Amino acid sequence: MNNKSVKKLTAFEWKVLSATLKIPLGETRTYQWVAKQIGCPKAVRAVGQALKKNPYPVIIPCHRVIKSDGSLGGYAGNHTGRKKILLNKEQNILAAMIGKS
DNA sequence: TGTCCGCGGGTGT
DNA sequence: ACACCCGCGGACA
């Protein structure tokens with residue numbers, strides 16, 4: 001997991017990224033869920049920060065991480081529903097994959 | 001339903 | 001070492 005090429009990320013950030021990567025395609029998880037995975041269910045805010053600072057936004061499905069009440073969160077709120085669109089397309093892709101099979 | 005506080009860790013100063 | 005920040009969560013009004 002740890003490469004020397006990687007930026008200075010702390011263990012907790014790695015936990016967050018790893019937990020986020022564990023989220024199944026087309027599925028969504030809450031910050032609280034991720035926080036619990038890393039062993040800090042109260043560090044939900046820190047989780048969000050780690051995601052925001054994530055070095056690989058491409059492999060990190062930040063849009064897949066939402067608030068506990070089902071809201072997409074501030075990221076999407078600051079844009080034109082970026083999370084929602086990404087998630088929607090993601091589900092569309094998943095559906096297409098299933099359809100092709 | 002709306003607003004406030006607290007939790008946990010990062011980064012900047 | 002201290003203070004402020006953050007893509008939240010939960011409690012209280």
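In what follows, chains carry the letters A, B, and so on, assigned in the order in which the sequence lines appear, proteins first and then strands, with residues in each chain numbered from 1. Not measured: the values here are computed from a predicted model.
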- Measuring from A:Leu9:CG to A:Leu17:CG, what's the distance to the nearest 0.5 Å? 6.5 Å
- Query: How many Å lie between CZ on A:Phe12 and P on C:dC6, as a whole number?
  - Reply: 15 Å
- Item | Polar pair under 3.5 Å, donor/acceptor by atom type, side chain A:Tyr31, base C:dG7 | yes
- Task: Using atom CG of A:Leu72 as one end and atom P of C:dC8 as the other, report the distance to the nearest whole Å.
- Result: 11 Å
- Find the distance between CG (A:Leu72) and OG1 (A:Thr28) and round it off to the nearest 0.5 Å. 9.0 Å
- Worked verdict on A:Glu13 versus A:Thr10 for side chain to side chain contact (heavy atoms under 4.5 Å, CB included): CA-CA 5 Å; A:Glu13 289 180 305; A:Thr10 55; 3.4 Å; yes
- Which nucleotides of DNA chain B pair, in dot-bracket form (Watson-Crick or G-U under 3.5 Å, | meaning another strand): ||||||.||||||
- What integer distance in Å separates A:Lys36:NZ from C:dC8:P? 18 Å
- For A:Gln49 and C:dC8, what is the distance between atoms CD and P respectively, to the nearest whole Å? 10 Å
- Query: For the atom pair CZ (A:Arg64) and OG1 (A:Thr30), what is the distance rounded to the nearest 0.5 Å?
  - Reply: 14.5 Å
- Give, for atom SG of A:Cys62 and atom CD1 of A:Ile60, the distance between the pair rounded to the nearest 0.5 Å. 7.0 Å
- Message: Are A:Val44 and A:Leu21 linked, directly or through intermediate hydrophobic residues, by side-chain heavy-atom contacts shorter than 4.5 Å (ILVMFWY only)?
- Response: yes
- Query: How would you label the contact of A:Lys67 with the nucleic acid (heavy atoms, under 4.0 Å): base, sugar-phosphate, or nothing?
  - Reply: sugar-phosphate
- Message: So, taking the atom named CG in A:Leu51 and the one named CD in A:Gln49, what distance separates them when rounded to the nearest 0.5 Å?
- Response: 10.5 Å
Output one line per pair: protein atom, nucleotide atom from nucleotides 10-13 of chain C, and distance, for all N/O pairs under 3.5 Å.
unit_1 : atom_1 : unit_2  : atom_2 : d
C:dG10 : OP1    : A:Gln32 : OE1    : 3.1
C:dG10 : OP1    : A:Gln32 : NE2    : 2.7

- Looking across every strand, which nucleic acid part, if any, lies under 4.0 Å from A:Ala46 by heavy atom: base, sugar-phosphate, or nothing? base
- Atom-to-atom span, CH2 of A:Trp33 to P of C:dG7 - whole angstrom: 21 Å
- Query: Among C:dG7, B:dT11, C:dC5, which nucleotide sits nearest the side chain of A:Lys53?
  - Reply: B:dT11
- Which whole-number value in Å describes the distance from A:Ile66 CD1 to C:dG7 P? 17 Å
- Query: Step by step, would you call A:Ile23 with A:Trp33 a side chain to side chain contact (heavy atoms under 4.5 Å, CB included)?
  - Reply: CA-CA 10 Å; A:Ile23 304 175; A:Trp33 181 90; 4.1 Å; yes
- Query: A:Asn54 CG to B:dG9 C1': how many Å, rounded?
  - Reply: 16 Å
- Note on the structure: In this structure, CD of A:Glu27 is separated from CG of A:Leu25 (nearest 0.5 Å) by 9.0 Å
- Task: Could you check if a side-chain atom of A:Pro61 sits within less than 4.5 angstrom of a side-chain atom of A:Thr20, using non-hydrogen atoms only?
- Result: yes
- Give the intermediate values and the outcome of side chain to side chain contact (heavy atoms under 4.5 Å, CB included) for residues A:Val65 and A:Val47. CA-CA 10 Å; A:Val65 186; A:Val47 170; 5.6 Å; no
- Message: Measuring from the side chain of A:Cys40 (C-beta onward, heavy atoms only), which nucleotide among C:dG7, B:dG10, B:dG9 has the closest atom?
- Response: B:dG9
- note: A:Lys52, atom NZ; C:dG7, atom C1'; distance rounded to Å ~ 8 Å
Is there any protein nitrogen or oxygen under 3.5 Å from a nitrogen or oxygen in nucleotides 3-6 of chain B, and what are the pairs?
unit_1 : atom_1 : unit_2  : atom_2 : d
B:dG6  : O6     : A:Arg45 : NH1    : 3.4
B:dG6  : N1     : A:Arg45 : NH1    : 3.4

- Within one Ile-Leu-Val-Met-Phe-Trp-Tyr cluster: A:Val16 and A:Trp14, side-chain cutoff 4.5 Å: yes
